[in-house]
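Comments concern the structure below.
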Protein chains: 2
Amino acid sequence: MESSVKTDSKGRKKVYNACMEPCAIEKGMRLIGGKWKGSIIYHLKDEPVRFNDLSRMLGGATKKMVDQRLKELEEEGMVIRKVISDRPIAVTYELTEFGRSALKILDDLKVWSETHNIEISK
Amino acid sequence: MESSVKTDSKGRKKVYNACMEPCAIEKGMRLIGGKWKGSIIYHLKDEPVRFNDLSRMLGGATKKMVDQRLKELEEEGMVIRKVISDRPIAVTYELTEFGRSALKILDDLKVWSETHNIEISK
DNA sequence: ATTTGTGGTATATTTTAGTTACCATTTAAC
DNA sequence: GTTAAATGGTAACTAAAATATACCACAAAT
């Protein structure tokens with residue numbers, strides 16, 4: 001459905017099919033678009049990765065950020081947390097099928113981003 | 001380049017090719033992924049749209065948000081602002097070629113988001 | 001004179017991101 | 001045997017966004 005604005009005979013405007021809260025794109029962005037979220041998913045694409053390794057790979061993101069995003073991704077069913085050993089505690093994170101289904105978009109984004117070599121201010 | 005973590009003979013870890021600040025995916029997300037940004041671009045896909053019409057279409061986003069995002073998008077070269085008349089002031093926003101180049105990704109995201117019918121908490 | 005339209009801005013509040021330091025535990029080097 | 005680095009996090013705090021609510025000057029129609 002397309003949202004559109006119609007003007008009636010008296011010049012008054014009404015919106016049809018407005019995105020009432022988040023429309024499909026907004027929803028998708030909330031899953032994939034949060035800060036560091038795309039990167040996290042992308043770094044898990046090949047194999048399960050450990051928490052600290054993941055934090056190290058994402059230079060610029062703090063452990064708290066990584067932790068927070070991973071929890072969100074887990075809730076959203078895109079990532080699974082697995083405790084692979086007690087005592088020397090070890091945890092890995094890996095993608096679910098759903099998580100994996102987002103990889104194509106992220107890959108396209110990566111290519112797009114690279115071909116337009118983007119400058120970022122902050 | 002793939003980022004990876006290597007363990008040396010003494011068990012010490014080092015990261016190679018870490019995403020030092022924002023890697024390609026992060027960069028792309030900064031352009032497209034900000035709150036409401038994707039939606040704005042998508043609503044401009046067919047034709048130039050006026051400021052207030054755009055605000056109306058994006059239920060949930062305040063005018064301030066729309067204004068702020070449009071300015072960012074303008075700076076980033078994805079959108080052009082055109083004053084189409086003074087006195088009764090009228091302004092339209094339309095996509096540049098660069099802005100248009102992002103539509104495919106947004107469209108894929110939309111389809112992905114729709115096929116996985118996502119629930120959003122907040 | 002009131003309402004509706006135009007394209008915004010100012011102010012304040014709430015939410016999120018990011019920084020820094022710290023926990024308990026284990027293994028290995030000096 | 002003590003220091004150093006690893007493990008996976010958490011607590012407390014500050015800085016930066018997002019959001020809400022009003023409001024501007026101006027124009028045209030009711």
Side-chain angles (χ1 to χ4, degrees), chain A residues 5-15 21-22 26 29-30 33-40 48-74 79-94 120-122, chain B residues 5-15 21-22 26 29-30 33-40 48-74 79-94 120-122:
Chain A
V5 178
K6 295 263 157 66
T7 310
D8 72 11
S9 53
K10 284 160 194 145
R12 293 211 183 101
K13 293 201 172 181
K14 262 198 179 168
V15 208
E21 275 296 294
E26 263 327 290
M29 280 298 179
R30 303 288 161 95
K35 228 161 190 171
W36 306 112
K37 254 170 145 182
S39 304
I40 289 176
V49 179
R50 288 206 184 189
F51 178 79
N52 277 337
D53 290 348
L54 195 55
S55 302
R56 262 188 292 263
M57 287 187 226
L58 271 55
T62 60
K63 289 210 272 183
K64 189 195 172 188
M65 279 295 103
V66 178
D67 183 56
Q68 226 167 73
R69 293 297 151 263
L70 280 170
K71 276 179 185 156
E72 286 172 24
L73 288 166
E74 214 191 336
V79 154
I80 317 174
R81 189 187 114 114
K82 285 186 179 161
V83 177
I84 56 171
S85 101
D86 276 343
R87 238 66 109 261
I89 184 156
V91 177
T92 61
Y93 291 90
E94 60 183 281
I120 256 173
S121 38
K122 37 184 169 182
Chain B
V5 178
K6 295 264 156 63
T7 310
D8 71 10
S9 54
K10 283 159 193 147
R12 299 218 175 97
K13 293 199 172 183
K14 262 197 181 170
V15 208
E21 276 294 294
E26 264 325 291
M29 280 299 180
R30 302 287 160 96
K35 229 163 191 170
W36 305 111
K37 253 170 144 183
S39 304
I40 288 176
V49 180
R50 289 210 188 185
F51 178 78
N52 276 336
D53 290 348
L54 195 56
S55 301
R56 262 188 292 264
M57 289 185 225
L58 271 55
T62 60
K63 288 210 271 182
K64 192 190 171 192
M65 277 298 101
V66 178
D67 182 57
Q68 225 169 77
R69 291 299 150 263
L70 280 171
K71 277 179 183 154
E72 286 171 26
L73 288 166
E74 215 191 334
V79 155
I80 318 174
R81 187 187 115 115
K82 285 187 181 162
V83 178
I84 54 170
S85 102
D86 276 342
R87 235 66 108 260
I89 184 157
V91 178
T92 61
Y93 291 89
E94 58 183 282
I120 256 173
S121 37
K122 36 186 169 182

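Chain naming here is simple, since letters A, B, ... match the order of the sequence lines and numbering starts at 1 in each.
For the residue pair Gly33(A) and Met29(B), the shortest heavy atom distance occurs at CA-SD, 3.7 Å. The two atoms that bring Lys37(A) and Arg30(A) nearest to each other are NZ-O, 3.1 Å, heavy atoms only. In terms of heavy-atom proximity, Val91(B) sits nearest to Arg81(B) at CG1-CG, 3.5 Å.
Atom CZ in Arg50(B) sits roughly 12 Å away from atom P in dG5(C) (whole-Å rounding). When the P atom of dG7(C) is taken as reference, atom NZ of Lys82(B) falls 16 Å away, rounded to whole Å. One atom, CD1 of Ile89(A), and another, P of dG9(D), lie 6 Å apart when rounded to the nearest Å. Atoms CE (Met57(B)) and P (dG7(C)) sit 11 Å apart, rounded to a whole Å. Distance, Asn52(A) CG to dG8(D) C1': 6 Å, rounded to whole Å. Taking atom CG on Leu54(B) and atom P on dT6(C), their separation rounds to 12 Å, with Å as the unit. One interatomic measurement links the two molecules: OH of Tyr93(A) to P of dT7(D), which rounds to 13 Å at whole-angstrom precision. Regarding Leu58(A), its CG atom lies at a distance of 15 Å from the C1' atom of dA17(C), rounded to whole Å.
The phosphate of dG8(D) (OP1 or OP2) has no side-chain N or O of Arg56(A) nearer than 4.0 angstrom.
If you check dT9(C), dG7(C), dG9(D) against the side chain of Asp67(B), the one that comes closest is dT9(C). When the nucleotides dG9(D), dG8(C), dT7(D) are ranked by their closest atom to the side chain of Phe51(A), dG9(D) comes out on top.
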Using a cutoff of under 3.5 Å, can you pull out all pairs of nitrogen or oxygen atoms linking the protein to nucleotides 18-24 of chain C, with atom names and distances?
unit_1: dG18(C); atom_1: OP1; unit_2: Lys35(A); atom_2: NZ; d: 3.1
unit_1: dG18(C); atom_1: OP2; unit_2: Trp36(A); atom_2: NE1; d: 3.1
unit_1: dG18(C); atom_1: O6; unit_2: Lys64(A); atom_2: NZ; d: 2.0

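Annotation: salt bridge (Lys or Arg N to Asp or Glu O under 4.0 Å) contacts of Lys71(B) (sequence neighbours excluded): Asp67(B).
The structure places CD of Glu72(A) at 9.0 Å from CD1 of Ile40(A), a figure rounded to the nearest 0.5 Å.
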### Task
Would you sort out whether Val66(A) and Trp36(A) count as a side-chain contact (heavy atoms from CB on, under 4.5 Å), showing the intermediate values?
CA-CA 8 Å; Val66(A) 178; Trp36(A) 306 112; over 6 Å; no
### Task
Please lay out, stage by stage, how Lys35(B) and Met65(B) fare under the test side-chain contact (heavy atoms from CB on, under 4.5 Å).
CA-CA 9 Å; Lys35(B) 229 163 191 170; Met65(B) 277 298 101; 5.8 Å; no
